[in-house]
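Keep in mind that the numbers below use all heavy atoms, side chains included, and drop hydrogens, waters and symmetry copies. Each chain gets a letter, A, B and so on, in the order the sequences are listed, and its residues count up from 1.
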Protein chains: 2
Amino acid sequence: MVSFEMTGRDGLARLGRLSTPHGTAVTPALMPVIHPGLQTIPPSEMKRLFGAEMVITNSYIIRSREDFRDRALREGVGRLIGWDGPVMTDSGTFQSYMYGEVEVSQPEILDFQRRIGSDLCTMLDIFSTPEAPEAKARAELEENSRRAVEASELFYGRGEERGTSTPPVKGKEDQGLVLAVQGGIFPHLRERSANDTAALECAVQAIGGVVPLMEAYRFPELVEVVLAARRALNPARPVHLFGAGHPMMFALASLMGCDLFDSSSYAKYAKDDRMMFSWGTRHLDELAHLPCSCPVCSSWTPDRLRRLPDEERTRMLAEHNLHVSFAELRRVRQAISESSLWELVEERCRGHPALLSALQALGRHADFLERFAPASRQGAFFYKGPESAFRPEVQRWTRRLLDRYTMPESAVMVCLPEAPKPYSRHYRDLVAKVQERWDARFVVASFFGPVPLELDGMYPVSQSLVPARLDPESNERIAGAMKDFSHRLRTQTSLVWEGEQSFSALEMMAPPRQVPVPDWEMLRARATCEVQFGRAAAAAIFRGKVELVLSPNTGRVRNVLVDGEHALSLRARDGLFTLRLPGAKRILPAVPSPCIRVVVDSDAAQFAVQGKNVFARFVKDCDPKLRPMDEVAVVDERDRLVACGRALLVRDEMLAFRRGMAVHVREGARTPPVADDES
Amino acid sequence: MVSFEMTGRDGLARLGRLSTPHGTAVTPALMPVIHPGLQTIPPSEMKRLFGAEMVITNSYIIRSREDFRDRALREGVGRLIGWDGPVMTDSGTFQSYMYGEVEVSQPEILDFQRRIGSDLCTMLDIFSTPEAPEAKARAELEENSRRAVEASELFYGRGEERGTSTPPVKGKEDQGLVLAVQGGIFPHLRERSANDTAALECAVQAIGGVVPLMEAYRFPELVEVVLAARRALNPARPVHLFGAGHPMMFALASLMGCDLFDSSSYAKYAKDDRMMFSWGTRHLDELAHLPCSCPVCSSWTPDRLRRLPDEERTRMLAEHNLHVSFAELRRVRQAISESSLWELVEERCRGHPALLSALQALGRHADFLERFAPASRQGAFFYKGPESAFRPEVQRWTRRLLDRYTMPESAVMVCLPEAPKPYSRHYRDLVAKVQERWDARFVVASFFGPVPLELDGMYPVSQSLVPARLDPESNERIAGAMKDFSHRLRTQTSLVWEGEQSFSALEMMAPPRQVPVPDWEMLRARATCEVQFGRAAAAAIFRGKVELVLSPNTGRVRNVLVDGEHALSLRARDGLFTLRLPGAKRILPAVPSPCIRVVVDSDAAQFAVQGKNVFARFVKDCDPKLRPMDEVAVVDERDRLVACGRALLVRDEMLAFRRGMAVHVREGARTPPVADDES
């Protein structure tokens, strides 16, 4: 069987494993396009030189040449092209786009793909061009959806009664079908097409008809159609972006949730003496120096390459193009694994102003993207430019703060003229002085918006790097958010301290302290708990006798004990709590199901209770507000607490995936309490 | 003799050739630091694997170990370290910074460097740390300058009377001396130190004392001290930035006019399992994938590297670090050769917010940087972010327009809400319609500021790529520049058309045409000439019977004939004129010397008159307003026109350089007129 498992993620982007009859490929994966006749680089070397794990070839071309066809039917497509791993085949759709028509029906080409042993067989979809007006694109999409139904039925054996299906070749029952989303440049049509696709059985969901958009650098439209499709597709299946072969595209496409790419460009570009880079393209003739570290560029010069005979030069440039492409793929995988893919996309989008426009288009989907963004990450948030404000962390911070944080009566609003870094030492000292004397809480302007000072240790505020001077767009956004915040204060004693003003100026503005200095660490613990779990949950935990265990080194909260029980632990790395069983026990009665919960069936509950992880296929329900890396309580269908842990998937994913982990369980209800760790 | 020749440039950055007794190195050059005892990678492989052409080693370390010292004195430093090309030696300054003191005097260590046959021998400068207060930094700089005088006199044989100098070893008279600029973090001290350096004989000017700034990511201060020094240094000599070994720095350092870098980091980082990338650093343990295309990363995985024995792993990581460093160096060289270094710097500065702050610091030196920026380039201007506004092209456009362009009586000011692209077809069509009916000129808002429509084909306006939606900072700047422009119109009939308004709305606002439609191409020719050469020059050319030769394909100006003589040719690539002899003849009497002129001595005049290029050492004077790639008239000392061509250097450089070309001559007064070309 063809199956897909997610092994890591950063928002919609994911690391995965695609298993097929001929082997497994790590995703995001790049499938070099192999022409059965013209091989610039023999497929056998694709694995050795570049680490390719999967290739794609064209069943239509194979079928239309007798020698290819006969050999493929006799020995299989892998043997024909000289590749012993997974093979995806395309169907002739692109040929029909290029040349108007193809002389094959969908049942014929699907049957042929199965007979030649392709691991992933592609439907004969209808390619809507960007020029197609809406009515045409809609009609084409309707026909495409009819074909998708036909393909799925043919493939998964439900179509026998129509007499159109050839029974699968013996032993080939486990091949996978690729269905393609169309809809031209119209997001609502793309979404509809994706809905149709998601409703059908298939192994891979492809997004087709986008090559002309990429060729014309119409990247903002690409963003619209890909995200419209991605919204509606089945999140448990891999997504292939047809024709995305330029390394410049991989980061952006991955960020939008695409898992598979194919490249014929490496060879086509090489034939035209064009070299691909993650930052653009150059013709060999434009180069006085080879601006790349790949094995080809490290041992050749442009002049020596130019003097090579055509065939050898093409081979060298194709190698370069693949080295760069696979390196970029590794960079994307690394970025996903360290949750820095947004940063990479922001860098890559400097490659061309049209990509910058695409980044701005992404900003319009911040709400959607936020649903999948992790609640925490390993490294720091790096500011890259005004567009960094589109990132999910920024959206989320202000929203969670306004929704969940208990507003103080009054606050001193602090706008620093330069880098808003509430955690800088100089700044903290100043504030501590003020704090001692005046009866007000402090709210500091940061790149993320207002930060009540007791929250300055929380991700992402504490782990961010911004330049000394912010762009005016960000400054304006921050000022607006500060204003909103101050409007919500219950009394009108809020001040704005610009930071340039001296400390004594502040002295004149602030109301003198009338109540004792608050317990700073208690404030921090309570507020962090609120922003992380919500007000009701925090209220439930901070009821009874609350004791804080402080770190002997930093003096900061480490554990929260309530009535002698260990309810929460604070992770130093990101300033977020991990939920312990006693904490979860207190929260559950206070918030209605499925809040903060992952509901599992009784089989899984038996394992979870012993501290075993929860797999997606046992999940019955889940809090739709949960984000990846959020803390969760695992409960059974009778809402009994069975474990605590961290969510790896969001609700839609938990319900869709049949494979892979949904919750990393830290503590089962029947395991001895575990020691604190940084996990 | 050690000598330096510039072979290409982009602003202060340059491609060059540094010749030494042991060979020649292309600059910008990276010198790997070779320790005579510990060689992670044998120097012999530095050339083969990475293309290194020059290395640096430490004479202090060699001198302090008897075995090294004896062998170096006997066989030379090259043999000692196993390298047969140019070698630079450092003097122990860094050791005195690290460990407080060194047990050697400057005469001793300089003498030693000469005796071991170093190609570039470094003075024993005084390392001022960034912590040094101004008084301390000043005192240190004064001592440093005294030492520089001593070193220069010792080295170039003028110090014998003091009895401190050892006569040079036989055959070593042609070694070069490296003097170092100090001054701590104080730009005015740096400038003073650079002035002192420039006044002395030496081969290389180094900027020292900056390693702690780079280590602490204090890049904005680095920009200030490097540019302060660069302003005052001799432009004919190469500049070495001591300790700049991270590839992340090369583009920025080159943009600031540094030619030489040294790297011990490649080995130090490798020993700590740290991998360098042009976009930052990662510890091997942080990597799940190798995000790089170099030969090491293309054939290893992080796990396999981690399992290697320490020494082998260090070797592999050092190779990676050098592959990446030399690739980045090639990328910088390529960027210089295509005048896209600013774009590269803007990309690289996304690597860390402190680098973005450095980019903003560069913006404060826009006036200085503009003096060296080319008047034209091959490729397009790519917008990368709000900081793109700091680029010299942007500064220059508005300034030249306001200084040189003859303002129309009135104008329709057009602000498009989206991408200001005056040259888009839709837009041109609209304007043409308006043009026919109304008596006003059109001025369009572009990223560069106001563009009178007749100038929309000129570089850089015509060759720019900006995103659909500009950042608010740019929009504000553009709006301000449009306002300034409209205030200068002689009558108050200017309008602002927002572009969203319909064509008929405009119809109601515009004054109906009372004079005939202007000759569009004549307007274009005249205005282009004004902005390129100034108003007086344009008036001198456009006097008499002016005929335009139009391109049969585009209908645009190709040549300007005046009284039957071919005065100007318009280059299609950048919409700029090349100056022909008859044109130059008309301009010269109209503008005072040295305007638009390069004045050469009579020897050079004899060659130039025959169409030969002009070399810097024959230049007597030059227009200080000339920029690289500007058109110039070459005249002799009696102001007689001898040739026309294109300036490659600016005035200071022409007067300083003893080698290399100053003017690429296109037409000598005694050569037959040449055909138009794109050169």
Side-chain angles (χ1 to χ4, degrees), chain A residues 8 15 49-51 220 279 282 286-295 297-299 301 320 323-335 337-338 343-344 346-347 350-357 359-360 378-379 382-387 419 465-469 471-473 476, chain B residues 8 15 49-51 220 279 282 286-295 297-299 301 320 323-335 337-338 343-344 346-347 350-357 359-360 378-379 382-387 419 465-469 471-473 476:
Chain A
L15 296 167
L49 286 175
F50 314 107
W279 43 271
R282 286 287 186 279
E286 296 172 312
L287 294 178
H289 308 270
L290 294 174
C292 166
S293 68
C294 86
C297 293
S298 294
S299 49
T301 67
H320 159 86
H323 275 305
V324 165
S325 297
F326 279 92
E328 179 65 4
L329 202 67
R330 293 192 297 270
R331 176 118 195 248
V332 168
R333 289 177 186 169
Q334 174 63 23
S337 75
E338 64 184 33
E343 270 97 346
L344 180 60
E346 287 187 54
E347 283 181 41
R350 311 285 153 188
H352 194 282
L355 281 170
L356 260 186
S357 298
L359 190 54
Q360 291 160 352
Q378 287 289 337
F382 275 66
Y383 172 97
K384 301 273 169 183
E387 300 81 6
L465 283 164
V466 294
R469 176 188 161 280
D471 62 281
E473 194 168 6
E476 203 172 300
Chain B
L15 295 168
L49 286 176
F50 315 108
W279 44 270
R282 286 286 185 282
E286 296 173 312
L287 294 178
H289 307 269
L290 294 173
C292 166
S293 68
C294 87
C297 293
S298 294
S299 48
T301 66
H320 159 85
H323 275 304
V324 165
S325 298
F326 279 92
E328 180 64 5
L329 203 68
R330 293 193 297 270
R331 175 116 195 246
V332 168
R333 289 177 185 168
Q334 172 64 23
S337 75
E338 64 184 33
E343 270 97 349
L344 180 60
E346 288 187 53
E347 282 182 43
R350 311 284 152 188
H352 194 282
L355 282 169
L356 259 186
S357 298
L359 189 56
Q360 291 160 355
Q378 288 288 340
F382 275 66
Y383 172 97
K384 302 271 172 186
E387 300 82 7
L465 281 165
V466 293
R469 178 189 159 280
D471 62 281
E473 193 167 8
E476 203 172 302

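Between chain A and the options B/Ser325, B/Ala335, B/Ser357, B/Cys294, heavy-atom pairs under 4.5 Å are most frequent for B/Cys294. For chain A, the option among B/Cys292, B/Pro220, B/Gly385 with the highest count of heavy-atom pairs below 4.5 Å is B/Cys292. Contacts with chain A were tallied for B/Gly351, B/Gly379, B/Ala354; B/Gly351 has the most, counting heavy-atom pairs under 4.5 Å. Of the listed residues A/Leu359, A/Leu356, A/Val332, A/Leu355, the one with more heavy-atom pairs under 4.5 angstrom with chain B than any other is A/Leu356. The greatest number of non-hydrogen atom pairs below 4.5 Å with chain A, out of B/Gly51, B/Pro386, B/Pro295, B/Ser298, is found for B/Pro295. When each of B/Glu347, B/Glu286, B/His352, B/Arg331 is checked for heavy-atom pairs under 4.5 Å with chain A, B/Arg331 comes out on top.
When heavy atoms are compared at a cutoff of 4.5 Å, A/Ala288 approaches chain B by way of both its backbone and its side chain. Contact annotation for A/Ser299: neither backbone nor side-chain heavy atoms come within less than 4.5 Å of a heavy atom of chain B. The part of A/Leu49 that comes within reach of chain B is its backbone (N, CA, C, O), which places non-hydrogen atoms under 4.5 angstrom from that chain. With a threshold of 4.5 angstrom between heavy atoms, A/His320 does not approach chain B through any atom at all.
Remark: side-chain polar atoms of B/Ser337 are paired, donor with acceptor, to backbone N or O of B/Gln334 under 3.5 angstrom.
Of the charged side-chain nitrogens involved, none lies within less than 4.0 Å of a carboxylate oxygen, so that A/Lys384 and A/Glu343 do not count as a salt-bridged pair.
In this structure, CZ in A/Arg333 is found 8.0 Å from CG in A/Leu15, a value given to the nearest 0.5 Å. With values rounded to the nearest 0.5 angstrom, A/Leu344 atom CG is found 14.0 Å from B/Arg350 atom CZ. Distance check, rounded to the nearest 0.5 Å: CZ of B/Arg330 to OG of A/Ser293 gives 7.5 Å.
Relative ring orientation between B/Phe326 and B/Phe50 is described as parallel, the plane-to-plane angle staying below 30° on a 0-90° scale split at 30° and 60°.
Every residue two or more places apart in sequence or in another chain was checked for a ring-ring contact (aromatic ring centres under 6.0 Å, His included) with A/His289, and none qualifies.
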